[in-house]
Amino acid sequence: MAQDRKLWTMLPGPLLPGLALPGLALTAQLFSPLAAAQAMSNQAMPGQTTSIMDEVDASLLALNGQPVGNDAAAPVIAPGDALPSLTRLFALALRNDADLASQRYEAEATAQQVPMAQAALKPQVQASAGYAYQESDNYYTDNPDYRPDDDLGGAGDDYEARYRGTTRDQTWQVQLSQSLFSLERWRKVGKAEAQSAVAELEVAVAERDLALQVAEAYLDAFLASRKLGLLDAKQASLTLQARQASRAYDLGVGDRIDLLESQSRLDQAVADTVSAQNELDNALSLLERLTGELPRFSGATLGDLGQLTLPGGWDDAEPWLERTANNVEVALGKQQMKVADAETAVRRAGHYPELDLSLGYTDRDSNDPFRDSDDASANLRLNVPIYEGGYTSASVRQGELSQQAAKASYTNALNLARQEVRQRLRGLRGDERQIEALKRSIESSNLFLQAAEKGEQLGLRDLVDVLDARADLYDLRIQLVEVVRQYLLDRLNLQAAVGDLGTQDLVDTMALLDGLVGSTRDRGSA
């Protein structure tokens, strides 16, 4: 089913402990940038969530960094398995990768722009308190004997502060302001929501890239480990062959050329083995950096490569090209266009007037009773922009140009996705032909090796022919594994190019690799 193909979701809960992205929409899949893009295009409300798909194995770590079930300590590779679990390695990478964690935090920070923009549309209430001390030099202080209030019959206490020239005021004030009409503020909310969606899609792009990076490192490690196994077997065979050639030469029944040739082939095999070990170490080091754990690739033998079968369906490009609109980078480009549109709308709103209401209450308490007061006020303020030196018009023009740039970027992302689809389809078709040709070549080389060994025993062939046949057979098997690796990479990248890279793709990759090592274990539950 199509829904089973999704691999990553926009998360409802913390991606790391203590981290939450309230704007991310959870789909019914394990993780899917495409699902997030579709949710955004359908104007899914922030906070909508559904449960993780039932098909996902309970031992697989969720994307929020918490274990599903109680199997957090489950090993990357189960006892007896030749290969570690690719799906579990990716789950660990989602939890461990610092760059992805940084982008998640950035997305959460960007999401806060939405309530910040909405706050400008809500009432603003402020309370303040003040204390003022004032000393005055006035007529009363300069003429202390002049007290006109004495003639009024004892009002001197009220005027006492004024006679001394010293006043102390305590003021409490509450003010409420509310925007009644501001098109610019309303449009800034839409812009903030569009920017938050862009940040979420950027996280989805990072998750997809991380999945491809883990898969490529995994396949590199697999190739290096299989190559190392083949080279070890080749080295052991050439070591035996060199000993036989040396013994025959010492007995006088062998040829020195055969001895030198066998030793030369052995030395080359040793050098190739060292190179393969370095390749394996590098791939494992990358996996360790991404996942935080060092996997091991045991069981270096290969199964019957002649039984390898590959799914087809790569001939018709049109169905794949039609799905490139679901590519997460294309969805990102489309969302960035919405941000540019919203920004231009905000700038155009600068031509419109704004109407604000302000309510206030002030209580003044003073040692001068004539200064005591309780004041209430209500104000309506209309601000009409008439002329700002052409700033608003230039700002709108700048926004329109940014719109055109965003549209060009979207078109470029769509063209790149289509190019990627065509390139990967060509690669898959070529990989299939190479694999079939190599399978036939391996079969022929195996028969030729048997004939060469028989001919050497009968004196019809020399040792060089046997060494050549054996080296060719090992090289062909290594080439087949290399092409299988490229085939799997092309298939994963094709699914990513159409926004459909999912859990099932990793499971299918594991199943094909299990077939190469002769394992029948179902990796769907690994």
Side-chain angles (χ1 to χ4, degrees), residues 1-10 27-39 53 55-56 60 63 85-91 93-94 201 203-220 222 290 309-333 413-432 435 483-515 523-524 526:
M1 294 184 296
Q3 68 175 7
D4 292 334
R5 301 191 57 81
K6 309 299 178 224
L7 190 56
W8 55 80
T9 62
M10 308 315 295
T27 64
Q29 296 80 23
L30 179 57
F31 84 127
S32 173
L34 172 57
Q38 290 172 338
M53 63 179 184
E55 292 83 350
V56 177
L60 187 61
L63 296 190
S85 169
L86 177 56
T87 52
R88 177 162 290 279
L89 284 172
F90 175 65
L94 285 172
L201 282 172
V203 173
V205 171
E207 289 178 347
R208 183 209 61 183
D209 292 343
L210 180 61
L212 293 175
Q213 192 175 9
V214 170
E216 183 172 2
Y218 183 94
L219 291 172
D220 287 342
F222 172 81
L290 294 174
T309 57
L310 301 174
W314 319 118
D315 294 330
D316 189 2
E318 284 305 316
W320 295 95
L321 292 173
E322 291 173 358
R323 294 159 59 189
T324 52
N326 296 328
N327 180 294
V328 65
E329 286 180 323
V330 174
L332 176 60
L414 187 60
N415 290 337
L416 289 175
R418 290 174 175 171
Q419 179 187 0
E420 179 76 3
V421 166
R422 294 189 182 96
Q423 177 182 341
R424 296 300 176 179
L425 287 174
R426 285 194 298 268
L428 286 166
R429 290 192 291 267
D431 295 338
E432 284 185 329
I435 289 173
V483 177
V484 169
R485 167 198 170 275
Q486 186 59 47
Y487 171 85
L488 292 174
L489 276 180
D490 286 337
R491 191 171 69 176
L492 291 173
N493 279 277
L494 175 63
Q495 297 295 348
V498 297
D500 202 21
L501 181 62
T503 304
Q504 190 58 45
D505 295 301
L506 297 188
V507 173
D508 292 345
T509 298
M510 289 296 303
L512 194 146
L513 295 180
D514 277 341
R523 286 287 169 178

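Looking only at atom types and distance, the side chain of Asp209 has no donor-acceptor partner in the side chain of Gln213 under 3.5 Å away. Counting only N and O atoms by type, the side chains of Asn415 and Gln419 include no donor and acceptor under 3.5 Å apart.
Considering only heavy atoms from C-beta on, Val498 stays 4.5 Å or farther from Asn326 through its side chain. Counting only heavy atoms from C-beta outward, the side chains of Gln495 and Trp320 approach each other to under 4.5 Å. Side-chain atoms of Leu513 and Leu86, non-hydrogen and from C-beta on, never get closer than 4.5 Å to each other. A 4.5 Å side-chain heavy-atom check between Val484 and Asp431 finds every atom pair outside the cut-off. Side-chain contact between Leu512 and Asp508 is absent, with no heavy atoms from C-beta onward closer than 4.5 Å.
In this structure, Arg422 and Leu321 approach most closely via the heavy-atom pair NH2-CD1, 3.8 Å. Of all non-hydrogen atoms in Ala413 and Val330, the two that sit nearest each other are O-CG2, 3.6 Å. Considering every non-hydrogen atom in both Leu210 and Phe90, the closest pair reads C-CE1, 4.1 Å. Of all heavy-atom pairs between Thr509 and Leu492, the closest is OG1-CD2, 3.8 Å. Residues Glu432 and Pro311 share a closest heavy-atom pair of OE2-O, 3.0 Å. When all heavy atoms are compared, the tightest approach of Arg491 to Leu428 is N-CD2, 3.7 Å.
The backbone N or O of Trp314 sits less than 3.5 Å from a side-chain atom of Arg429, completing a donor-acceptor pair. Judged purely by atom type and a 3.5 angstrom limit, Asn327 uses its side chain to pair as donor or acceptor with the backbone of Ala497.
Interatomic distance, Leu488 CG to Met510 CE, rounded to the nearest 0.5 Å: 11.0 Å. Distance check: Glu420 CD to Leu494 CG gives 8.5 Å after rounding to the nearest 0.5 Å. For the atom pair CD (Glu216) and CD (Gln486), the distance works out to 8.5 Å, reported to the nearest 0.5 Å. From Asp490, atom CG reaches atom CD of Gln423 across 8.0 Å, with rounding to the nearest 0.5 Å. A distance of 16.0 Å separates CG in Leu212 from OH in Tyr218, rounded to the nearest 0.5 Å.
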>> side chain to side chain contact (heavy atoms under 4.5 Å, CB included) for Val421 and Leu425? Distances and angles first, verdict last.
In response: CA-CA 6 Å; Val421 166; Leu425 287 174; 3.8 Å; yes
